[in-house]
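The shown structure was predicted, so the numbers you read here are calculated from the model rather than taken from an experiment. Lettering of chains follows the sequences in order, A, B, ..., and the numbering in each one begins at 1.
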2 protein chains.
Amino acid sequence: MNAADAPRPRMTRQRREILDALDLSEFRSAQAWHERLRSEGSTIGLATVYRALQSLAESGEVDAVVAESGETLYRRCEAGEEHHHHLRCRVCGKAVEIDVPDFEAFAAAIGREHGYGDILHTIELTGVCPECAARAGA
Amino acid sequence: MNAADAPRPRMTRQRREILDALDLSEFRSAQAWHERLRSEGSTIGLATVYRALQSLAESGEVDAVVAESGETLYRRCEAGEEHHHHLRCRVCGKAVEIDVPDFEAFAAAIGREHGYGDILHTIELTGVCPECAARAGA
DNA sequence: CGCCTTATCGACAATGATTATCAATTGCAG
DNA sequence: CTGCAATTGATAATCATTGTCGATAAGGCG
Ligand SMILES: [Zn+2]
Ligand SMILES: [Zn+2]
Ligand SMILES: [Zn+2]
Ligand SMILES: [Zn+2]
């Protein structure tokens, strides 16, 4: 509707720290990111981490997924823009981005077929990555 | 692994009430089902509703989905057994069951391709049903 | 039909993730 | 440099869900 929606947030020390930390390519909860930052010496507050991650998720700079437990997991989004989905390790959080050919069109078609509009979709694959499988199989 | 996993739960008044209430074909949270039951005159406890819904979900008698907010929604499952997915109205909760042809195979293939094992998948479509769209468009 | 064992209840406390408060800071426009 | 609104962070408040535990009652048995 309105493209002038983004009142660019201020570049604070905290925001910079979060952006840096997010280089790691693993899905982690807000609390987990906070712990990591503190363990690296940061004094950033938990609430700030929550706020930043939410704002970044809204603006599409990070991916957010809701785990089965209900907690929200975040990680830096590789493809700056395009819509995509993930295959994530349930154990260590490592994830790869996948594409699901034709699914966008399929979703829209299903919606139309049932008279539903404004369709959103969620596709998440989870599994156990090779490393974690090996460690567990020991 | 073990087929003798189900120590058939006792048929209590509370369980009956829940099973009855679930006839409605809408996704509702545990708390919402509890409220409805109480409003119908039941004296059932909240914890009991949570326990029953979870147990029913595990045994596959009800569908459970995790909403974006993180809360878990339940409803009676129409297809007694088979694996399937839903298109749910974000406003009123009304849902239809859909099937995503070949997705099971696709998911397994993606997993194999990346070395991930024990793949699970989530597909949920949400939209706005015709009634709710009309009401909103008013 | 009564009895007894034990699953199930339910009121209430406890947890854990997320959000709201609000005074103290601090980007940053002017 | 100034001034002020945006941002921070310690902490309290929410909210969904789970744990506790004495009371209750399903249901197998005699
Ligand atoms: Zn892993
Ligand atoms: Zn998609
Ligand atoms: Zn279903
Ligand atoms: Zn609707």
To the nearest Å, give me how far apart [atom1] ([X]) and [atom2] ([N]) are.
| X | N | atom1 | atom2 | value |
| --- | --- | --- | --- | --- |
| Gln54(B) | dG19(D) | CD | C1' | 12 Å |
| His34(A) | dA10(D) | NE2 | C1' | 11 Å |
| Leu73(A) | dG16(C) | CG | C1' | 15 Å |
| Glu35(A) | dT18(C) | CD | P | 13 Å |
| Glu17(A) | dT26(C) | CD | P | 13 Å |
| Leu53(A) | dG9(D) | CG | P | 13 Å |
| Glu58(A) | dT19(C) | CD | P | 10 Å |
| Ile44(A) | dT25(C) | CD1 | P | 18 Å |

Exercise. Is the His84(A) ring parallel, tilted or perpendicular to the His86(A) ring (thresholds 30°, 60°)?
Worked result: perpendicular
For this session: Anything under 30° is parallel, anything over 60° is perpendicular, the rest tilted; go ahead and classify His121(B) against His85(B).
Result: tilted
Please state whether the base of [N] and the side chain of [X] form at least one donor-acceptor pair under 3.5 Å?
| X | N | answer |
| --- | --- | --- |
| Arg8(B) | dG27(D) | no |
| Arg15(A) | dT7(D) | no |
| Arg13(A) | dG27(C) | no |

Residue [X], side-chain heavy atoms: nucleotide from [options] that is nearest:
| X | options | answer |
| --- | --- | --- |
| Glu71(A) | dT18(C), dT17(D), dT8(C) | dT18(C) |
| Thr43(B) | dG10(C), dA26(D), dG9(D) | dG10(C) |
| Gln31(B) | dT18(C), dA16(D), dG10(C) | dA16(D) |
| Met11(A) | dG9(D), dC28(C), dT8(C) | dC28(C) |
| Ala47(A) | dA11(C), dA10(D), dG10(C) | dA10(D) |
| Pro9(A) | dT7(D), dT17(D), dT8(D) | dT7(D) |
| Arg10(A) | dT17(D), dT26(C), dG9(D) | dT26(C) |
| Gln14(A) | dT8(D), dT17(D), dC9(C) | dT8(D) |

Problem set entry | Residue whose nearest DNA chain D nucleotide is more 5′ - Tyr74(B) or Leu46(A) | Leu46(A)
Base, sugar-phosphate alone, or nothing: which one does [X] contact when heavy atoms must sit under 4.0 Å apart?
| X | result |
| --- | --- |
| Thr72(A) | sugar-phosphate |
| Ser69(A) | nothing |
| Thr12(B) | sugar-phosphate |

Is it the case that the side chain of [X] and the backbone of [Y] share a donor-acceptor pair, with hydrogens and angles ignored and the cut-off at 3.5 Å?
| X | Y | result |
| --- | --- | --- |
| Arg90(A) | Asp118(B) | yes |
| Arg88(A) | Glu124(A) | no |
| Arg76(B) | Leu19(B) | yes |

Exercise. Can Ile44(A) be reached from Leu53(A) by stepping across I, L, V, M, F, W or Y side chains whose heavy atoms are under 4.5 Å apart?
Worked result: yes
Exercise. Are Tyr50(B) and dT17(D) close enough that a side-chain N or O sits under 4.0 Å from OP1 or OP2?
Worked result: yes
Problem set entry | First of Ser29(A) and Arg51(A) reached from the 5' end of DNA chain C, by closest nucleotide | Ser29(A)
